[in-house]
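Numbering starts at 1 and runs along the sequence shown.
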Amino acid sequence: MRKPNIISIVPLLLFVVIFLVSGLYFDNFYSLPAPIIALFAVVVALLVYRAPLEEKIELFFKGAGDSNVLKMCVIALLAGAFASVAKASGSIDSIVNMGMYYISPAYFPVGIFVIASFLSFATGTSVGTIMTLAPIVFDLSAQSHSNTALIGACLLSGAMFGDNLSLISDTTIAATQSLGCQMNEKMKANAKIALPMALLTVVILFFIGDPEAQQYSVQEVQKDFNVVLILPYLAVVVISLFGVNVFVSLFLGVIFAGITGLLYGKFGFLDFTKYTYEGFTNMSELFFLYFFVGGLALLVEYFGGIQFLMNLIARRVKSRASALLGMGVLVAVADVCVANNTVAILVVSKVSKTLAEQFKVPLRSAASVLDIFSCYGQGLIPYGAQVLALYHFAHTMDYVDLVKYSIYLHLLLIATIFYIKKSSKSL
């Protein structure tokens with residue numbers, strides 16, 4: 001590794017700055033594809049670092065081909081395939097329609113939170129959950145004259161629950177594989193924080209309710225749901241909790257969802273293969289992002305960039321608690337800059353892993369903190385994909401009220417800070 005200096009961190013900073021500036025300029029943080037920005041940062045690294053070009057290219061491919069990077073890529077492909085096949089089989093429609101059919105408008109907030117939590121946990125995507133539920137949620141909200149900001153906040157909170165906790169979430173994949181942590185171990189550690197706060201949120205929302213909401217006609221809600229179609233999601237969760245390799249559990253999930261779809265006549269065998277492949281292609285952006293950032297990270301590390309960052313924060317990190325809190329703050333700041341929690345985790349993963357090793361922090365705790373802080377920031381920034389998706393369906397929703405009613409996210413942050421302070425003594 002070369003001696004750290006300010007130049008060593010330039011490619012990584014450039015990646016963050018371009019992501020931020022392009023998002024602000026185009027009023028869309030997804031206007032420039034993240035893999036293209038990462039590729040540009042790689043080119044800059046190849047130009048500014050002083051070493052033979054062949055050596056730098058070799059380092060890039062070594063980083064891009066790192067076993068952890070390749071694991072992230074394959075997991076992303078399998079997660080995409082599972083989500084695509086499960087959706088085609090009618091599983092998502094069954095979850096949504098069953099929930100909507102049994103919810104009373106007076107308990108709309110708690111019902112939306114529970115359904116969104118389950119759906120996001122099952123699919124691993126917060127944006128997908130919002131885009132799936134928002135049309136019917138805000139339509140029924142308008143029919144019953146419910147509090148739009150409260151409903152939107154419950155949908156947002158539930159969506160971020162799964163984004164943070166799901167085994168097939170891209171943030172979970174990024175946090176665990178970049179730190180070298182087992183996914184089921186991270187999930188167990190994360191669940192100790194997230195599940196109690198989710199249950200407390202359910203209790204709070206149950207008592208808050210929405211007493212001004214008016215009854216809508218149950219005929220407006222589709223009754224087409226099948227409990228059996230939900231089983232593939234449950235199978236993946238149960239299998240993973242028993243410690244089965246994530247590749248095996250996701251592969252079995254794809255097969256189970258495919259068999260369910262075939263048995264219920266949702267698609268034929270050729271369609272099953274097509275949906276599987278579509279799931280792969282849906283994750284292509286994430287695949288390329290992992291690949292380019294993996295190579296960029298090794299270049300930055302080799303030429304002293306990671307050590308440079310470590311030197312900047314080392315004076316403020318004196319214990320395992322401050323190391324964990326430092327990881328959380330770093331990833332939250334990165335997320336505010338890039339408006340993408342997966343990218344934010346990847347940006348700070350090397351520094352976080354170094355901190356974890358230096359202060360003997362269990363990787364499951366480090367991965368949980370990275371995921372939670374990144375999801376908190378992503379869930380509340382007004383230019384994030386999740387909030388923008390909500391406003392796509394509810395244009396008049398007040399942003400301040402949306403933040404105020406995001407009870408679960410605030411409870412999750414408070415619980416995580418408490419967890420850091422309390423558990424650091426026994427880590």
Under 3.5 Å side-chain donor-acceptor pair for Ser365 and Tyr419: yes
Between Phe267, Phe280, Phe269, Phe82, which is the residue that forms a ring-ring contact (aromatic ring centres under 6.0 Å, His included) with Tyr275? Phe267
Residue Glu357 excluded, over 12 heavy atoms near CD under 6.0 Å: yes
What I want to check is whether the side chains of Ser120 and Asp163 have a donor and an acceptor closer together than 3.5 Å. no
Of all heavy-atom pairs linking Phe256 and Leu231, the shortest is CE2-O, 3.8 Å
Which of these passes side chain to side chain contact (heavy atoms under 4.5 Å, CB included) with Leu346: Val331, Leu289, Leu296, Thr171? Leu289
Can Val114 and Val202 be said to form a side chain to side chain contact (heavy atoms under 4.5 Å, CB included), step by step? CA-CA 8 Å; Val114 171; Val202 168; 4.1 Å; yes
Across all chains, not counting sequence neighbours, the ring-ring contact (aromatic ring centres under 6.0 Å, His included) partners of Phe373 are none
Quick one: does Thr172's side chain have a donor or acceptor within less than 3.5 Å of a partner on Ser166's backbone? yes
Minimum heavy-atom separation for Leu78 to Val254, with atom names? O-CG2, 4.0 Å
Heavy-atom nearest pair, Ala41 first then Pro11, reads CB-O, 3.6 Å
Near Tyr399 OH, under 6.0 Å, is it more than 12 heavy atoms from other residues, nucleotides or ligands? yes
Under 3.5 Å, side chain of His410 to main-chain N/O of Val403, donor-acceptor pair present? yes
Test log, rule side chain to side chain contact (heavy atoms under 4.5 Å, CB included), inputs Ile151 and Leu155: CA-CA 6 Å; Ile151 297 303; Leu155 176 54; 5.6 Å; no
Between Lys56 and Leu299, the two heavy atoms sitting closest are O-CD2, 3.5 Å
Could you tell me whether Lys186 and Asp371 make a salt bridge, using a distance below 4.0 angstrom between a side-chain N and a carboxylate O? yes
If every non-hydrogen atom of Gln177 is compared with every non-hydrogen atom of Met183, which pair is closest and at what distance? NE2-CG, 3.7 Å
For Ser84 and Glu278, work out which heavy atoms get closest and say how close. OG-CB, 4.1 Å
Ser406 side-chain N/O to Leu409 backbone N/O, donor-acceptor pair under 3.5 Å: no
Establish, from distance only, whether the side-chain atoms of Glu55 and Tyr302 form a donor-acceptor pair under 3.5 Å. yes
Assess whether side chain to side chain contact (heavy atoms under 4.5 Å, CB included) is satisfied between Leu195 and Leu165, documenting all intermediate values. CA-CA 9 Å; Leu195 287 180; Leu165 199 58; 4.3 Å; yes
